[in-house]
Amino acid sequence: ETGVTQTPRHLVMGMTNKKSLKCEQHLGHNAMYWYKQSAKKPLELMFVYNFKEQTENNSVPSRFSPECPNSSHLFLHLHTLQPEDSALYLCASSQEDRDTDTQYFGPGTRLTVL
Amino acid sequence: AQSVTQPDIHITVSEGASLELRCNYSYGATPYLFWYVQSPGQGLQLLLKYFSGDTLVQGIKGFEAEFKRSQSSFNLRKPSVHWSDAAEYFCAVGRSNFGNEKLTFGTGTRLTIIP
């Protein structure tokens, strides 16, 4: 499935660094999502964007800052992260004007915070 | 609040054997149900989904799942597993609202295939 791409695939950063994760969907969808996947925990929904507007923020710390410049691109800006933020970050997209929405996922970015 | 339980953290089966992965959900209305598979280092791939209609749903890679409302279950099955099926499997439930669908995932079941 190449409908949703994420870059970089792997990222190692120090606690004082600033970095960004990028997601791009080629499916013509109008909703995009960021999830965090940590070991032995369920997927955690972080942010939801519908038509470029943020509609959900699940109490995510401010060191994570999303940006959705258009319906095809989604960024996650990272600043002064903590080691416990190390995880797989997954992007997904869906089409929000039907009640049978299905989310399609990218391959994820494996983030390690030192 | 909706929730999903996958009671088996890890399952090991022999190649060629049948497989059933369990999923139980809690939801106040008619749920939308999904199974996703995740290979090591990869994202989630949709295997199948149930929205309405026939309670036996066919998916990709020879998988099927059966929705049983009376048991609040949506178990995944495959008659004969292949070594390439080794992965982690996630069940998810979504709201049947028009608009912003939020998926709630189970903690996953890791499947190991032995020769």
Side-chain angles (χ1 to χ4, degrees), chain A residues 1-10 21 23-25 27 29-51 53-58 87-112, chain B residues 1-10 23-26 29-54 57 59-61 65 67 87-110:
Chain A
E1 176 63 63
T2 58
V4 181
T5 58
Q6 290 186 242
T7 55
R9 293 294 307 276
H10 300 271
L21 310 185
C23 175
E24 183 173 1
Q25 59 94 3
L27 301 170
H29 291 164
N30 53 23
M32 298 186 78
Y33 311 75
W34 279 117
Y35 286 87
K36 177 183 179 182
Q37 185 179 32
S38 304
K40 303 187 188 307
K41 293 177 67 176
L43 266 71
E44 301 172 59
L45 179 64
M46 300 174 72
F47 301 104
V48 181
Y49 277 83
N50 288 340
F51 296 99
E53 299 296 322
Q54 186 180 128
T55 59
E56 193 146 348
N57 175 340
N58 276 352
L88 182 68
Y89 289 84
L90 293 166
C91 174
S93 71
S94 70
Q95 183 64 15
E96 282 292 332
D97 56 8
R98 297 192 296 268
D99 64 351
T100 57
D101 301 340
T102 299
Q103 292 182 24
Y104 294 88
F105 286 79
T109 294
R110 173 69 61 187
L111 174 66
T112 302
Chain B
Q2 59 199 48
S3 66
V4 177
T5 301
Q6 293 181 248
D8 304 305
I9 297 173
H10 187 199
C23 172
N24 293 98
Y25 68 89
S26 173
T30 300
Y32 286 4
L33 294 160
F34 306 80
W35 275 100
Y36 286 87
V37 61
Q38 185 178 33
S39 298
Q42 301 297 315
L44 276 67
Q45 180 183 19
L46 180 68
L47 280 178
L48 48 78
K49 57 189 177 184
Y50 170 79
F51 293 143
S52 64
D54 193 345
V57 181
I60 62 171
K61 304 185 179 187
F67 171 59
E88 189 140 20
Y89 292 79
F90 293 90
C91 181
V93 61
R95 296 186 301 221
S96 56
N97 294 335
F98 187 95
N100 187 21
E101 177 180 307
K102 177 181 176 179
L103 288 183
T104 299
F105 286 84
T107 51
T109 297
R110 181 171 302 278

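In this text the structure is predicted, and so the values were computed from the model without any measurement. Proteins get letters first, then strands, A, B, ... in listed order; numbering begins at 1 in each.
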Under 4.5 Å from any heavy atom of chain A - which part of Leu44(B): both
For Gln6(B), is it the side chain, the backbone, both, or neither that has a heavy atom closer than 4.5 Å to a heavy atom of chain A? neither
Return the option, out of Gln37(A), Arg110(A), Gln6(A), Lys41(A), with the maximum number of heavy-atom pairs under 4.5 Å with chain B. Gln37(A)
Is it the case that the side chain of Ser93(A) and the backbone of His29(A) share a donor-acceptor pair, with hydrogens and angles ignored and the cut-off at 3.5 Å? no
Under 30°, 30 to 60°, or over 60°: which ring-plane class applies to Phe51(B) and Phe34(B), parallel, tilted or perpendicular? perpendicular
So what's closer than 4.5 Å to chain B heavy atoms on Glu44(A): side chain, backbone, both or neither? neither
When you compare the side chains of Ser52(B) and Tyr32(B), does any donor N or O come within less than 3.5 Å of an acceptor on the partner? no
Take Leu33(B) and Phe67(B) through the side chain to side chain contact (heavy atoms under 4.5 Å, CB included) test and state the conclusion after the steps. CA-CA 8 Å; Leu33(B) 294 160; Phe67(B) 171 59; 3.4 Å; yes
